[in-house]
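When reading the values below, keep in mind they use all heavy atoms of this one structure, side chains included, and skip hydrogens, waters and symmetry mates. Quick note on labels: first sequence line is chain A, next is B, and so on, each numbered from 1.
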There are 2 protein chains.
Amino acid sequence: MDFALFFTYLAACGAAAATGAMFQPGDWYKSLAKPWWTPKDWVFPVAWTILYICMSWAAMRVAILAGSDARVGQALALWSVQIALNTLWTPVFFGLRRIGAGLVIIAMLWLAVAGTMMAFWQVDPVAGYLFAPYLLWVTIAGALNRSVYWRNPAGSAAS
Amino acid sequence: MDFALFFTYLAACGAAAATGAMFQPGDWYKSLAKPWWTPKDWVFPVAWTILYICMSWAAMRVAILAGSDARVGQALALWSVQIALNTLWTPVFFGLRRIGAGLVIIAMLWLAVAGTMMAFWQVDPVAGYLFAPYLLWVTIAGALNRSVYWRNPAGSAAS
């Protein structure tokens, strides 16, 4: 059991899980013709909660095998967190047009990218340097998200 | 240089990049008040292409360090692919209401989950078993997506 690894992988799952909370099925999904064996709505969050725990536990077990230097497994786990958060931001900002939620996500992405860069740098400085342009860009993108948030008080979720 | 690792991590980036292609800024973004230093629109895809290559290269270098058994690094890279695709599906299906695109993504997710499960199983059977419920669920969810696609020819992208 390696709590840091488990919760890092669970954080990546958290980014995926956030899509379920933010993009609701709603009336459109209700109106779709579906087969008789469609699971009830309540089954989905229950199933996903179990699955996210299982897949994080599995990844933790494999990352432990990365082994001689435990920081390698942890660094790769952080990479997974940043790519999931990266995938989440665009649909929330441009899809839902939720500028404030986008700001929260990009702040978490910034932390994940900075954390990955430091973890990479510790085990392989070149890998850390390769992350520097990414951290710079997310800093710019985050500042832009924040500026847009301030300048458009009524812009969020506008249609 | 490990091509399998590099392209596996690049595949995870591909899922993140797909959000940029599918959730376009459009008139809403144009209409927002933005600071003078906002980068031109063309800069974003150029920057992201470079960043995705850099971050995949960096992850490849670190995954190589996972080392004694090269399959460990490859297995963790596949885990990153599945979490990014997992994060992508919900916004495309429930956000864009693109049932067909969702079907393509869930097919890729199924392959990524099956690949991760096999890779995990090879280095740690318990980790492979922990992925079995996930593969089963994605099989059900994929079948549901396909059934909904067939039953709702006009349902895609309906408002």
>> Tell me which of these, B:Pro91, B:Gly20, B:Ala143, has more heavy-atom pairs under 4.5 Å with chain A than the rest.
In response: B:Pro91
> What's the spacing between B:Phe93 CZ and A:Phe23 CZ if we round to 0.5 Å?
Replying inline: 13.5 Å
> For residues B:Thr87 and A:Thr87, is any side-chain donor paired with an opposing acceptor at under 3.5 Å?
Replying inline: no
> Given the options A:Gly95, A:Ala17, A:Ala58, which has more heavy-atom pairs under 4.5 Å with chain B than any of the others?
Replying inline: A:Ala58
> Can you tell which of B:Phe131, B:Trp37, B:Trp57 has the highest number of heavy-atom pairs within less than 4.5 Å of chain A?
Replying inline: B:Trp37
> Between A:Ile140, A:Thr90, A:Ile53, which shows the greatest number of heavy-atom pairs under 4.5 Å with chain B?
Replying inline: A:Thr90
> Side chain, backbone, both or neither: which part of B:Ala47 has a heavy atom under 4.5 Å from chain A?
Replying inline: side chain
> For B:Gln24, is it the side chain, the backbone, both, or neither that has a heavy atom closer than 4.5 Å to a heavy atom of chain A?
Replying inline: backbone
> If you tally heavy-atom pairs under 4.5 Å against chain A, which of B:Ala33, B:Ala84, B:Cys54 wins?
Replying inline: B:Ala33
> Would a 4.5 Å heavy-atom cut-off, applied to side chains only, mark B:Trp110 and B:Leu135 as touching?
Replying inline: yes
>> Under a 4.5 Å cutoff for heavy-atom pairs, which residue among B:Val81, B:Ile50, B:Leu144, B:Val148 has the most contacts with chain A?
In response: B:Leu144
> Closest approach of B:Phe44 and B:Pro39, non-hydrogen atoms and distance?
Replying inline: CE1-O, 3.5 Å
> Pick from A:Ala132, A:Ala15, A:Cys13: which one has the most heavy-atom pairs with chain B under 4.5 Å?
Replying inline: A:Cys13
> Using a cut-off of under 4.5 Å for heavy-atom pairs, which of B:Gly73, B:Ala75, B:Pro25, B:Gly128 has the most such pairs with chain A?
Replying inline: B:Pro25
> Are A:Leu78 and A:Tyr134 co-members of a hydrophobic cluster defined by side-chain heavy atoms under 4.5 Å apart?
Replying inline: no
>> What part of B:Trp89 gets within 4.5 angstrom of chain A, counting heavy atoms only: side chain, backbone, both, or neither?
In response: neither
>> For a quick test of reading the model, state the closest non-hydrogen atom pair linking B:Leu5 to B:Asp2 and the distance between them.
In response: N-OD1, 3.0 Å
>> Only pairs of heavy atoms separated by less than 4.5 Å count here; which of A:Leu51, A:Val62, A:Thr116 has the most with chain B?
In response: A:Val62
> Which one, B:Ala18, B:Ala59, B:Ala12, leads in non-hydrogen pairs under 4.5 Å with chain A?
Replying inline: B:Ala59
>> Would A:Leu32 and A:Trp28 count as a side chain to side chain contact (heavy atoms under 4.5 Å, CB included) here? Give the steps.
In response: CA-CA 7 Å; A:Leu32 291 172; A:Trp28 172 75; 3.9 Å; yes
> Which heavy atom of B:Tyr29 sits nearest a heavy atom of A:Phe94, and at what distance?
Replying inline: CD1-CE2, 3.6 Å
> Nearest heavy-atom pair of A:Leu109 and A:Gln82: which atoms, and what distance?
Replying inline: CD1-O, 3.4 Å
>> Counting only non-hydrogen atoms closer than 4.5 Å, does A:Tyr9 touch chain B with its backbone (N, CA, C, O), its side chain (CB onward), both, or neither?
In response: both
>> With a 4.5 angstrom heavy-atom cut-off, is it the side chain or the backbone of B:Trp48 that approaches chain A, or both, or neither?
In response: side chain
>> I need the minimum non-hydrogen distance between B:Leu130 and A:Arg61, along with the two atoms involved.
In response: CD1-CD, 4.2 Å
> Where on B:Tyr129 is there a heavy atom nearer than 4.5 Å to chain A: the side chain, the backbone, both, or neither?
Replying inline: neither
